[in-house]
Amino acid sequence: MHSSYPTYKLGEVAEVILGQSPDSKSYNTSHDGLPFFQGKSEFTEWHPIPNKWCTEPKKIAEPLDILLSVRAPVGPTNVAKERCCIGRGLAAIRYPDCYKYVLYYLRSVSKFLESKATGTTFAAISGDVIKNLPIPLPPLPTQRAIVTRIETLFAELDKGVEKLKTAQQQLKVYRQAVLNDAYDGNLTIEWRKNNHIDNNTWKEVTFAEIAEIKCNLVDVNDYGDFPHIAPDNIEKESGRLLEYHTVAEDGVISGKHRFFSGQILYSKIRPNLSKVVIADFDGLCSADMYPIEAKENTKFLFYQMLSSKFVDYASNSGSRTVLPKINQKSLSIIPMKVCTLPEQQRIVQEIETRLSQAELVEASIEQSLQQAEALRQSILKKAFSGELV
């Protein structure tokens, strides 16, 4: 990063304190001593891990020290809000003059720090990497002016990002409104009128009357090259399949369900996450999932299973408090609504027309959010190149 400001090594202008995990015997959950922070989670929420305090800390961060994650992930930063014990996943950077200047600089070079990480089990950076990090350092009044300018620009950017995220949430609400209207037959009111079809053609049934759960446990040794689908391979609420691997690549050893193209795969674990997808290939799925075969229109059933009404039924029918799970019996008796096959086909068309439009808007929002993040990095780059003040 070219800069007109004089450059120093971070260790020459700030104190770098490498974290060190205390003796586990000094841990407690009764708030005795100092809160213990190890890394990772502290960059989204401010809480000890997991709910630990330490009476014999080895390394301490003071309020307003910059906390830098030095191990998996490398680069994220936060600011200490109180005196705390830091483990080896963190380093504290103490720069009392204008700590926000160093904070924003570290955020501008987070990718560079990540590129310096080494290690196989945990990617990490050493204390020497941190101490030798070059940092442009103008006079203190200029540092403060740069921070003020960054925060002014970030505040304006944050307003735009907030609006984009609100629009994302509104799209989720819209998506569920479409699915719930389909569930109740509201999407095809005009269609029924135009085709002189009575509303009484809709009827309530149980899940078992319109679908069959196809549990089919097989020996995985015979299916090493087959795709392996687990709940983690399905995006929650969207019905989208994520990246997956073969049975052999995942090192699967226990029995799995054999499924076939055209069947619905449904995660019975944490039904509130709404993990459901239509398979367009043969494969094996986790025993934590049900292969399901629709007796009529597969997509009609699929969209009903994505609706919040179905999710509410499934979530409230689940067993186990530690790990919510819906069994076959509870799934089989969930109340469903069905109509004639032509109307089911029409409903699928109506849903997909609306959701495809929503997906276009969603893609545009996601692109704008990525551009906002790129702009944030551009602001930081200009700030430390002497282009903002």
Side-chain angles (χ1 to χ4, degrees), residues 179-180 182-185 201-220 222-223 226-231 233-234 236-241 244 247 252 254-320 324-349 351-352:
L179 295 174
N180 288 330
Y183 203 113
D184 291 332
T201 54
W202 278 77
K203 60 180 180 179
E204 290 193 3
V205 296
T206 63
F207 187 85
E209 291 179 79
I210 61 172
E212 186 176 354
I213 301 171
K214 293 283 190 177
C215 292
N216 182 18
L217 283 173
V218 297
D219 185 343
V220 298
D222 299 326
Y223 298 91
F226 275 56
H228 173 237
I229 307 301
N233 301 122
I234 301 174
K236 67 178 182 178
E237 300 176 355
S238 73
R240 298 190 187 107
L241 185 64
Y244 60 88
V247 170
V252 177
S254 59
K256 302 298 174 188
H257 293 301
R258 176 87 156 84
F259 68 83
F260 299 90
S261 179
Q263 290 181 335
I264 295 172
L265 304 181
Y266 175 67
S267 173
K268 61 185 179 183
I269 303 296
R270 296 189 179 92
N272 63 300
L273 296 181
S274 185
K275 293 196 171 188
V276 53
V277 71
I278 299 176
D280 59 2
F281 51 82
D282 296 355
L284 300 190
C285 69
S286 164
D288 289 331
M289 307 186 74
Y290 295 129
I292 294 168
E293 199 162 285
K295 294 182 179 180
E296 288 188 332
N297 189 311
T298 300
K299 283 190 173 181
F300 179 76
L301 176 62
F302 166 70
Y303 286 124
Q304 278 199 324
M305 292 177 71
L306 278 173
S307 72
S308 61
K309 291 190 176 183
F310 179 89
V311 173
D312 288 343
Y313 280 124
S315 300
N316 293 327
S317 299
S319 60
R320 301 186 183 182
K325 177 179 180 180
I326 185 168
N327 57 39
Q328 288 190 53
K329 181 179 178 181
S330 297
L331 178 59
S332 296
I333 61 174
I334 288 179
M336 309 290 286
K337 292 182 179 180
V338 294
C339 53
T340 64
L341 188 55
E343 187 169 357
Q344 290 182 32
Q345 294 168 340
R346 179 67 181 188
I347 285 172
V348 169
Q349 292 175 11
I351 290 173
E352 293 186 341

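In this text, all values refer to a predicted model and were calculated from it rather than measured experimentally. Hydrogens, waters and symmetry mates are skipped; everything else that's a heavy atom, side chains included, is used.
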Legend entry - Within 6.0 Å of NZ in Lys295, more than 12 heavy atoms from elsewhere: yes
Legend entry - Contacts of type side-chain contact (heavy atoms from CB on, under 4.5 Å), residue Asp219, not counting sequence neighbours: Asn221, Asp222
Legend entry - Phe310 backbone acceptor or donor facing Gln304 side chain under 3.5 Å: no
Legend entry - Flag for Ser330-Asn327: side-chain donor and acceptor within less than 3.5 Å: yes
Legend entry - Sub-4.5 Å side-chain heavy-atom contact between Lys309 and Asp184: yes
Inset, instruction - Kindly write out the residues that satisfy side-chain contact (heavy atoms from CB on, under 4.5 Å) with Asn216, not counting sequence neighbours, or none if the list is empty. - result: Val218, Arg258, Phe260
Legend entry - Pairs flagged by side chain to side chain donor-acceptor pair (under 3.5 Å) wherever residues 284-293 is involved - sequence neighbours left out: Gln263-Glu293
Legend entry - Nearest atoms (heavy-atom pairs only) where Leu241 meets Asn233: CD1-O, 3.4 Å
Listed pairs under 3.5 Å, donor-acceptor, residues 274-283 side chains, sequence neighbours left out:
unit_1: Lys275; atom_1: NZ; unit_2: Pro231; atom_2: O; d: 3.1
unit_1: Asp282; atom_1: OD1; unit_2: Ser261; atom_2: N; d: 2.8

Inset, instruction - Keeping the roles fixed (side chain from Lys299, backbone from Gln345), state whether a donor-acceptor pair exists under 3.5 Å. - result: no
Legend entry - Donor-acceptor pair, side chain of Lys268 and main chain of Ala287, under 3.5 angstrom: yes
Inset, instruction - Measure across Gly262 and Thr298 and return the closest heavy-atom pair with its distance rounded to 0.1 Å. - result: O-CG2, 3.6 Å
Inset, instruction - Kindly write out the residues that satisfy side-chain contact (heavy atoms from CB on, under 4.5 Å) with Gln349, not counting sequence neighbours, or none if the list is empty. - result: Arg346
Inset, instruction - Just jot down the side-chain contact (heavy atoms from CB on, under 4.5 Å) partners of Lys203, sequence neighbours excluded, or say none. - result: Val205, Val338
Inset, instruction - Write down the atom of Val311, the atom of Leu306, and the distance for their closest heavy-atom approach. - result: CG2-O, 4.3 Å
